[in-house]
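Values below: every heavy atom of this structure, side chains too, minus hydrogens, waters and symmetry copies.
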Amino acid sequence: MRLLCLTLAFLTLPLLGSAQRVKLNKGKPSQRKYLSSVKYRDVRGKILMPVEIEGKTYSFLFDTGAPNLITKELSDKISSRPLNMINVRDANDNSRKLEVISIPALSIGSAQFEDTPTIVNDAESNFILNCFGVDGIIGSNMVRKSVVHIDSENQILSVSNDPEHFNTSSLEAIELSLSNGQSSPYMWIGLKGEGKAAEYVLFDTGMQGFYDMSLDNYDKLKEMGAFSESESGKGTKSIGLFNNSESRTHYRVTVPQIDIGAYDFRNVKTVTMSADRSRIGSEILKYGKVTVDYKNSKLYFEPFEEPRDLSEKSLGFSPTIRDGEIIVGIVWSEELPEKLNYGDKILSVNDKKIHEEDPCEFVSQPSPFDSDEVYIIRFLDEETNEEFELQLRKE
């Protein structure tokens, strides 16, 4: 239940200034022909996979919406060539200047990639990476000359030079456009409510959840009748690589139907995001195998079964993390604002103490809001510092 936990996303396009000459779309596979498969772990919608550098195996996250990135700790352990500094923007549009290096060789199973430009993360921004226990991110710039196949039933990620290794000829292709900066894949989707709309979205495996609507697109999509229900609330819900998004008015909407190629997904509930593009995230992998053919700019979706109905109940607020504490991020219910406010601390859920937990537990472990439909939640009022208790039901 994605809407009952905070949203996590990582890097989007770098911000390239005129003085910066770093090209992330460099490097190449070492072999002309290759097919390699590795077993991955799905942790809260994140694809965690083994990667080998200089004979040692590390854990990386696969993120189509990001370029290659490693922690400062790992960069100090391996051989590399410095390139330059670059301004990088995370998924919430927070930016920071980071170093870029070139890694001589990096392997996914038997497939080796050489001289890939890789961003070195600021050690102060490792909260999310540390929570998932990863040493870095494999991004689209490294695999832009490859075909990536993700089989969520068997939790296998494969990379190859040839899409026919994955029987794509029997599937309908969805056209992709790859970004100039880092080859992140974009595609058109259809939204249907009382009206219809087409939207240009990022396919982002680093984002948990199925679909996140850009706040920048909300008014236009509403005008076109692309969704049916809408609630508003002020606050923040998402965490990027560098920080939370800023507190502002967001909307929780239901899209009756989203079409991705020839396939439709119904009753998609989502919360607007502070980003310039909407996104299709890793939850699509629950419904079928995905092949991203970067070489030929195509995406293939092979469904497991029908129907693909994403209906879900949700609480009247969304949580987030701020300064290492779990708090109320956005209040949606019209009945709750008098009792509950952005910034109130969440102390316990059904007698499970939340405030004593490592915040990483809330990020990387099953959400305490994913089971029962009725919750007794204890809060601490941010202004009065008084505790209070509410009984809330998913609706």
Side-chain angles (χ1 to χ4, degrees), residues 25 27-42 45-52 60-68 106-114 116 137-179 182-189 201-207 210 258-265 279-306 308:
N25 280 335
K28 62 182 180 179
S30 299
Q31 311 98 314
R32 188 170 66 87
K33 295 184 178 182
Y34 53 97
L35 172 62
S36 178
S37 299
V38 294
K39 190 81 172 177
Y40 72 82
R41 294 184 297 124
D42 181 336
K46 297 290 184 281
I47 299 171
L48 308 187
M49 55 187 285
V51 166
E52 185 175 305
F60 274 61
L61 184 149
F62 179 66
D63 186 349
T64 57
N68 268 29
L106 182 154
S107 298
I108 299 174
S110 60
Q112 181 172 282
F113 298 83
E114 57 188 40
T116 303
I137 295 171
I138 296 297
S140 287
N141 65 318
M142 192 184 86
V143 293
R144 73 192 186 283
K145 296 179 180 292
S146 301
V147 183
V148 178
H149 178 76
I150 306 172
D151 175 359
S152 61
E153 281 189 320
N154 299 298
Q155 294 195 353
I156 291 176
L157 183 144
S158 303
V159 60
S160 173
N161 66 291
D162 188 352
E164 284 310 306
H165 282 137
F166 311 115
N167 300 315
T168 55
S169 59
S170 63
L171 302 172
E172 181 174 331
I174 300 170
E175 297 295 327
L176 294 176
S177 296
L178 304 183
S179 66
Q182 61 192 46
S183 294
S184 292
Y186 289 81
M187 61 185 179
W188 286 95
I189 64 171
V201 302
L202 171 65
F203 176 60
D204 186 2
T205 59
M207 184 203 89
F210 184 82
I258 290 181
D259 294 331
I260 301 178
Y263 307 100
D264 61 273
F265 300 83
R279 307 175 187 129
I280 294 294
S282 63
E283 192 176 313
I284 193 175
L285 300 173
K286 292 182 179 179
Y287 306 101
K289 300 176 184 178
V290 171
T291 303
V292 185
D293 182 354
Y294 286 91
K295 289 181 64 177
N296 300 296
S297 298
K298 298 184 186 299
L299 182 142
Y300 300 90
F301 177 72
E302 185 178 352
F304 294 140
E305 60 183 26
E306 293 192 41
R308 292 175 289 276

Original post:
Does the pair F166 and I150 meet the rule for a side-chain contact (heavy atoms from CB on, under 4.5 Å), with working shown?
Top reply: CA-CA 10 Å; F166 311 115; I150 306 172; over 6 Å; no
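Within the 3.5 Å criterion, the main-chain N or O of G139 finds a donor-acceptor partner in the side chain of N68. A donor-acceptor pair under 3.5 Å is formed between the side chain of S184 and the backbone N or O of T64. When atom types are taken as modelled, the side chain of K46 and the backbone of R41 share no donor-acceptor pair closer than 3.5 angstrom. The backbone N or O of S36 lies less than 3.5 Å from no partner atom in the side chain of S110, so there is not a single donor-acceptor pair. Panel note: side chain Q155, backbone I47; no donor-acceptor pair is recorded below 3.5 Å.
Residues passing the salt bridge (charged side-chain N to carboxylate O under 4.0 Å, His left out) test with E114, sequence neighbours excluded: none. Residues meeting the side-chain contact (heavy atoms from CB on, under 4.5 Å) test with I189, sequence neighbours left out: M187, L191, E199, V201, Y211, I258, I260, I280. For S152, the side-chain contact (heavy atoms from CB on, under 4.5 Å) criterion is met by Y40, L285, F304, not counting sequence neighbours. For Q112, the side-chain hydrogen bond (donor to acceptor under 3.5 Å, both in side chains) partners are S30, not counting sequence neighbours. By the side-chain hydrogen bond (donor to acceptor under 3.5 Å, both in side chains) test, Y34 is found to be paired with S146, residues two or more places apart in sequence or in another chain being considered. For Y300, there are no side-chain hydrogen bond (donor to acceptor under 3.5 Å, both in side chains) partners, not counting sequence neighbours. Residues satisfying the salt bridge (charged side-chain N to carboxylate O under 4.0 Å, His left out) test with D42, not counting sequence neighbours, are none. Shown here are the side-chain contact (heavy atoms from CB on, under 4.5 Å) partners of E305, two or more places apart in sequence or in another chain: there are none. Contacts of Q31 classified as side-chain hydrogen bond (donor to acceptor under 3.5 Å, both in side chains), with partners at least two apart in sequence or in another chain: none.
Between the CD1 atom in I156 and the NZ atom in K289 there is a gap of 9.0 Å [rounded to 0.5 Å]. Put simply, CD1 on I174 and OG1 on T291 are 10.5 Å apart, with the number rounded to the nearest 0.5 Å. Considering CG of N25 and OG of S179, their distance stands at 7.0 Å, rounded to 0.5 Å. Taking NZ of K28 as the start and CZ of R144 as the end, the distance is 10.5 Å to the nearest 0.5 Å. Rounding to the nearest 0.5 Å gives a distance of 4.0 Å between CG of L178 and OG of S297. Atom-to-atom distance recorded for N161:CG and K145:NZ is 12.5 Å, nearest 0.5 angstrom.
Nearest heavy atom pair, residue G206 against residue L61, reads CA-CD2, 4.5 Å. Here the closest non-hydrogen pair linking F210 and Y287 is CD1-CE1, 4.4 Å. A pairwise comparison of heavy atoms in L202 and G65 identifies CD2-CA, 4.1 Å as the closest pair. Across every non-hydrogen atom of S140 and Y294, the tightest pair is OG-OH, 2.7 Å. Contact record, K39 with P50: O-CD, 3.3 Å, taken as the closest heavy-atom pair. Residues V148 and F62 share a closest heavy-atom pair of CG1-CZ, 3.8 Å.
Using a 4.5 Å cut-off on side-chain heavy atoms (C-beta onward), P185 and L299 make no contact. For the pair L106/I138, a side-chain contact is recorded, criterion being any heavy-atom separation below 4.5 Å from C-beta on.
Legend: salt bridge (Lys or Arg N to Asp or Glu O under 4.0 Å) pairs involving residues 158-171, not counting sequence neighbours: none detected. Identified under the salt bridge (Lys or Arg N to Asp or Glu O under 4.0 Å) test for residues 294-303, with sequence neighbours left out: E175-K298.
Remark: R308 qualifies as a cation-pi partner of F265 under the 6.0 Å distance and 45° angle criteria applied to the six-membered ring.
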